Amino acid sequence: MRVRIYLTRDEYARSGTEAPVCVVIDVLRATSSIVTALAHGCAAVVPVAEVPRARALGAERAWLVAGERNGVKLPGFHFGNSPREMTSPQLRGKTLVITTTNGTATIMTGSRAKLCLVASLLNLSSTAEAVLAAGGEVAVVCSGTEGRFSLDDYYVACALTTLLTSCLEPSGKAARRARFILQRYPDPLDALRASAHGQRLQRLGFGEDLVWCARVDAFPVVARWNRGAVVASRQSPVSGTARLLRSMPGAAKGRAAGRRQSWPPDFCPALHPVAFPAPVVAPYCCP
Ligand code: MLT
């Protein structure tokens, strides 16, 4: 297994990689919103890059519509892009169209891979399990903010790759750098709050969204692209990796209200017997 982190959508697109597995991250807030919607019974989430297209799909197919520009809910839409809105009973069994500034376009780009997964801290271990089950080369794509590096997405990419590489020997500079970032921010909420986009959201009054998005493994959902939409699939019953990942000492299983958790956990030697090919985190230049 070979894992490579792309710091922005453009970097991924320019690379021309043909990695069969692509994991898209826009933790603040698109991928967290999508995962929350699926965890609360939404049947499918259709990501759309452009506002008029989202509006048209909503009208033509009588789908619910969510989205933002500059962090703010779009006029006439049912929902903005706050993951806390995505718990609405209105979403149960329904299709939701969503358009956001960066995240939805990144999902569209990643959807060309054989397997495209939508990741956030909320479904971190479930995503890791799906990646391990798929094997092969993996592109972890950070949405970034307006084409630039974004600490919030990079933090999740580091958490995911560290979780993957923790099965075996940590390898290479990039894997060590990922561990360094996690040690710098033992609480994910601190990383989200320190990021430029996190600060902007706090200024806009969405500080509680950061608390929501920082809950590691709150939802056991694998969110994957399937013919034009993101849908939830249950964890693979074969690998049992999620069970193993969750049995790691101190593993974060979701933040109890108001309780701060420590992340990353101490990585567990018990994972060593799992027979996966050694993951290698490809080197890249940190900005
Ligand atoms: C994005 O796609 O750029 C973000 O999800 C923006 C936001 O936080 O609403």
Side-chain angles (χ1 to χ4, degrees), residues 6-13 22-39 42 45-55 57 64-88 91 96-111 116-123 127 140-157 188-189 191-215 219 223 225 229-230:
Y6 295 88
L7 301 178
T8 63
R9 173 173 75 241
D10 287 350
E11 186 183 292
Y12 170 68
C22 176
V23 181
V24 177
I25 299 165
D26 184 6
V27 64
L28 296 178
R29 295 169 292 172
T31 58
S32 298
S33 290
I34 292 170
V35 167
T36 303
L38 295 173
C42 181
V45 182
V46 179
V48 166
E50 304 297 336
V51 177
R53 172 96 182 117
R55 218 183 277 285
L57 277 175
L64 294 166
V65 188
E68 58 70 37
R69 284 300 177 270
N70 301 316
V72 178
K73 180 181 169 188
L74 289 156
F77 279 36
H78 300 96
F79 305 98
N81 185 30
S82 168
R84 290 176 300 140
E85 292 178 88
M86 302 301 160
T87 60
S88 165
L91 288 165
L96 176 72
V97 184
I98 187 167
T99 179
T100 69
T101 313
N102 298 293
T104 50
T106 310
I107 296 169
M108 306 300 291
T109 308
S111 68
C116 174
L117 299 168
V118 169
S120 65
L121 290 168
L122 298 170
N123 66 338
T127 305
V140 177
V141 184
C142 301
S143 277
T145 302
E146 282 147 27
R148 293 191 308 276
F149 168 83
S150 199
L151 172 66
D152 46 325
D153 292 337
Y154 181 58
Y155 182 86
V156 182
L189 184 53
L192 300 189
R193 284 182 173 152
S195 69
H197 187 49
Q199 287 177 14
R200 198 161 150 267
L201 287 171
Q202 288 174 87
R203 284 197 297 276
L204 287 168
F206 292 118
E208 280 305 306
D209 281 0
L210 273 61
V211 176
W212 184 274
C213 295
R215 299 180 311 152
F219 305 126
W225 180 266
V230 183

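Numbering of ligands and ligand atoms starts at 1, following listing order. No experiment lies behind these values; they were computed from the predicted model shown.
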- prompt: Taking the non-hydrogen atoms of Glu146, is any one of them nearer than 4.0 angstrom to ligand 1?
  reply: no

message: Do Thr8 and Glu146 have side chains that approach each other closer than 4.5 Å (heavy atoms only, starting at C-beta)?
response: no

task: Give me the one residue out of Val141, Val156, Thr127 that meets side chain to side chain contact (heavy atoms under 4.5 Å, CB included) with Ile25.
output: Val156

- prompt: Among all protein non-hydrogen atoms, which one is nearest to atom 6 (C) of ligand 1, and what is the separation to 0.1 Å?
  reply: Glu68 OE2, 3.2 Å

- prompt: Looking at atom 7 (C) of ligand 1, what's its closest protein heavy atom, distance included?
  reply: Asn81 ND2, 3.3 Å

query: Among Asn102, Thr106, Asp26, whose side chain to side chain donor-acceptor pair (under 3.5 Å) with Arg9 holds?
result: Thr106

- prompt: Taking N or O atoms only and a 3.5 Å limit, does Leu201 qualify as a polar contact for ligand 1?
  reply: no

- prompt: Hey, is ligand 1 close enough to Gly103 that some N/O pair sits below 3.5 Å?
  reply: yes

field: Side chains of Asp152 and Ser150, donor plus acceptor under 3.5 Å
entry: yes

message: Side chains of Arg69 and Thr99 only: does a donor on one sit below 3.5 Å from an acceptor on the other?
response: yes

field: Heavy atom of the protein closest to atom 1 (C) of ligand 1 (residue, atom name, distance)
entry: Asp26 OD2, 3.2 Å

